[in-house]
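Comments concern the structure below.
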Amino acid sequence: MRHLPRAVARSLYPAAVAGLLVLSSPPAGAADDDAPKGPAVTVLKVAKSCFSDIVEATGSIIAREETSVRPERPGLKVTDVLAEAGDTTTAGQVLARLALPEGGTLQVTAPVAGVIATSTAQIGNFASAKGEALFTIVARSEYDLVGLVATTDVRKLAVNQQATVRIAGAGDINGKVRRIGPTVEPNIQQGMVYIGISSQKRLLLNASGRALIKTGQSCNVAVPLTSVQYSSAGTVVQVIRRNRVETKRVEVGLMSGGNIEVRDGLNEGDVVVARAGALLREGDPVRPVMASAEAAK
């Protein structure tokens, strides 16, 4: 076998080494497959959350029990008025004094504690056992919000469920479901519910109010409302797996604070597109960018 001259061998050695490196390195396409491509997309991890099932009732404020205050004898003139509408009273408190025909005075007292709803007592006027009441008292400061509820929600209601009652000018007041009407208003297909309220504030009778009744709670994974798309194919969420878009059909439930419960179709820890859109389609490559904690709320 003939040997190459040393000078020629030295000149061919670098080329041979380079050839070996090319043969041993993986194809360029294989290295690029896992590299993020496509547009940058904001994503977030699916987490568990609990949702309250809230039924809304709208209606007006009434006194649960209203007590009328009159003198037992007719034809007595009012000489002193010691209380007026809006005052809180105690049982036995003197509300007014009346002059007796034979001399002396008669004290008119509150039969129950509560809030005086109305008063007709004026000095010089006559009071009677059968006439207009001198005072009406909301007994024990107990009110009801009589509200209407959609027929589909009536079946969710139960006595003693907690409620938040919102009344203009009075803020939020705690209440409970006290009674559920047995019938439905045929013209509007709504049922009636009585929400009991106890408040030392003076509530205006017949004022409008709204009750938010907590009828239950459900805990599941949740996503922002912006992650959900509704189409003829159903309700879907775009999931990112290996930097590509996958479209998942989901079953959604309750909503609260910009988030929606997902009862089926997603698992805790799945990565979803924060703001789904028609521009992203099944199989599209993307560059996922994890949303910050504040942006994910």
Side-chain angles (χ1 to χ4, degrees), residues 48-68 85-91 110-118 135-222 225 251-264:
K48 285 190 175 180
S49 185
C50 290
F51 295 81
S52 295
D53 193 356
I54 301 296
V55 169
E56 185 172 325
T58 56
S60 56
I61 302 297
I62 65 170
R64 187 180 308 174
E65 180 185 332
E66 202 167 58
T67 301
S68 298
D87 288 352
T88 300
T89 69
T90 57
V112 293
V115 176
I116 299 176
T118 62
F135 302 92
T136 57
I137 299 175
V138 178
R140 299 171 297 279
S141 303
E142 293 176 341
Y143 300 84
D144 280 340
L145 170 71
V146 182
L148 293 173
V149 177
T151 304
T152 52
D153 289 331
V154 171
R155 60 182 177 79
K156 299 179 183 179
L157 299 179
V159 173
N160 290 329
Q161 286 173 336
Q162 298 292 325
T164 299
V165 180
R166 294 177 176 170
I167 305 167
D172 289 359
I173 302 173
N174 292 330
K176 283 185 180 181
V177 174
R178 195 174 66 81
R179 186 158 64 91
I180 302 162
T183 61
V184 170
E185 293 293 326
N187 295 331
I188 56 175
Q189 286 299 296
Q190 289 183 315
M192 192 169 289
V193 60
Y194 293 76
I195 311 295
I197 308 166
S198 293
S199 175
Q200 295 306 311
K201 297 179 181 179
R202 184 195 176 191
L203 302 182
L204 297 177
L205 299 181
N206 302 317
S208 60
R210 182 164 63 103
L212 304 176
I213 307 164
K214 184 176 179 180
T215 61
Q217 182 173 276
S218 180
C219 296
N220 270 306
V221 295
L225 288 168
E251 178 189 340
V252 294
L254 303 174
M255 291 182 288
S256 177
N259 291 328
I260 188 167
E261 173 192 16
V262 179
R263 293 176 175 169
D264 188 40

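The model shown is predicted, which means the values in this text are computed figures rather than measured ones.
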Checklist entry - Which heavy atom of Ile260 sits nearest a heavy atom of Gly253, and at what distance? => result CG1-O, 4.2 Å
Next on the checklist: Looking at every heavy atom in both Val115 and Gly86, which two are closest together, and how far apart are they?
Outcome noted: CG1-O, 4.1 Å
Next on the checklist: Working to the nearest 0.5 angstrom, can you tell me the gap between Asn174 CG and Ile195 CD1?
Outcome noted: 12.0 Å
Next on the checklist: Show the nearest heavy-atom pair for residues Val149 and Glu56, with the distance to one decimal.
Outcome noted: CG2-O, 4.1 Å
Next on the checklist: Within the 4.5 Å heavy-atom criterion, are Gln162 and Ile213 side-chain neighbours or not?
Outcome noted: no
Next on the checklist: Show the nearest heavy-atom pair for residues Ser49 and Ala222, with the distance to one decimal.
Outcome noted: CB-CB, 3.9 Å
Checklist entry - Does Ser218 reach the main-chain N or O of Phe51 with its side chain, forming a donor-acceptor pair under 3.5 Å? => result no
Next on the checklist: Quick check for you: to the nearest 0.5 Å, what is the distance between Arg210 atom CZ and Thr164 atom OG1?
Outcome noted: 10.0 Å
Item to check | Separation between CG of Leu203 and CD1 of Ile62, rounded to the nearest 0.5 Å | outcome: 12.5 Å
Item to check | Candidate pair Glu251 and Val262, rule side-chain contact (heavy atoms from CB on, under 4.5 Å), full reasoning | outcome: CA-CA 6 Å; Glu251 178 189 340; Val262 179; over 6 Å; no
Item to check | Spatial distance of atom CG (Asn220) from atom CZ (Arg263) [nearest 0.5 Å] | outcome: 7.5 Å
Checklist outcome for this item: Between the CG atom in Asp53 and the CE atom in Met255, the distance rounded to the nearest 0.5 Å is 11.0 Å
Item to check | Residue that, paired with Val55, satisfies side-chain contact (heavy atoms from CB on, under 4.5 Å) out of Val177, Val154, Thr215 | outcome: Thr215
Item to check | Candidate pair Tyr143 and Leu205, rule side-chain contact (heavy atoms from CB on, under 4.5 Å), full reasoning | outcome: CA-CA 9 Å; Tyr143 300 84; Leu205 299 181; 3.7 Å; yes
Checklist entry - Shortest non-hydrogen contact from Ala110 to Ile137? => result CB-CD1, 3.8 Å
Item to check | Main-chain N/O of Lys156 paired to Gln161 side chain as donor or acceptor, under 3.5 Å | outcome: yes
Item to check | Nearest-0.5 Å distance that lies between atom NZ in Lys214 and atom CD1 in Ile54 | outcome: 7.0 Å
Item to check | Minimum heavy-atom distance between Arg166 and Asp172, given as atom pair plus value | outcome: CG-OD1, 2.8 Å
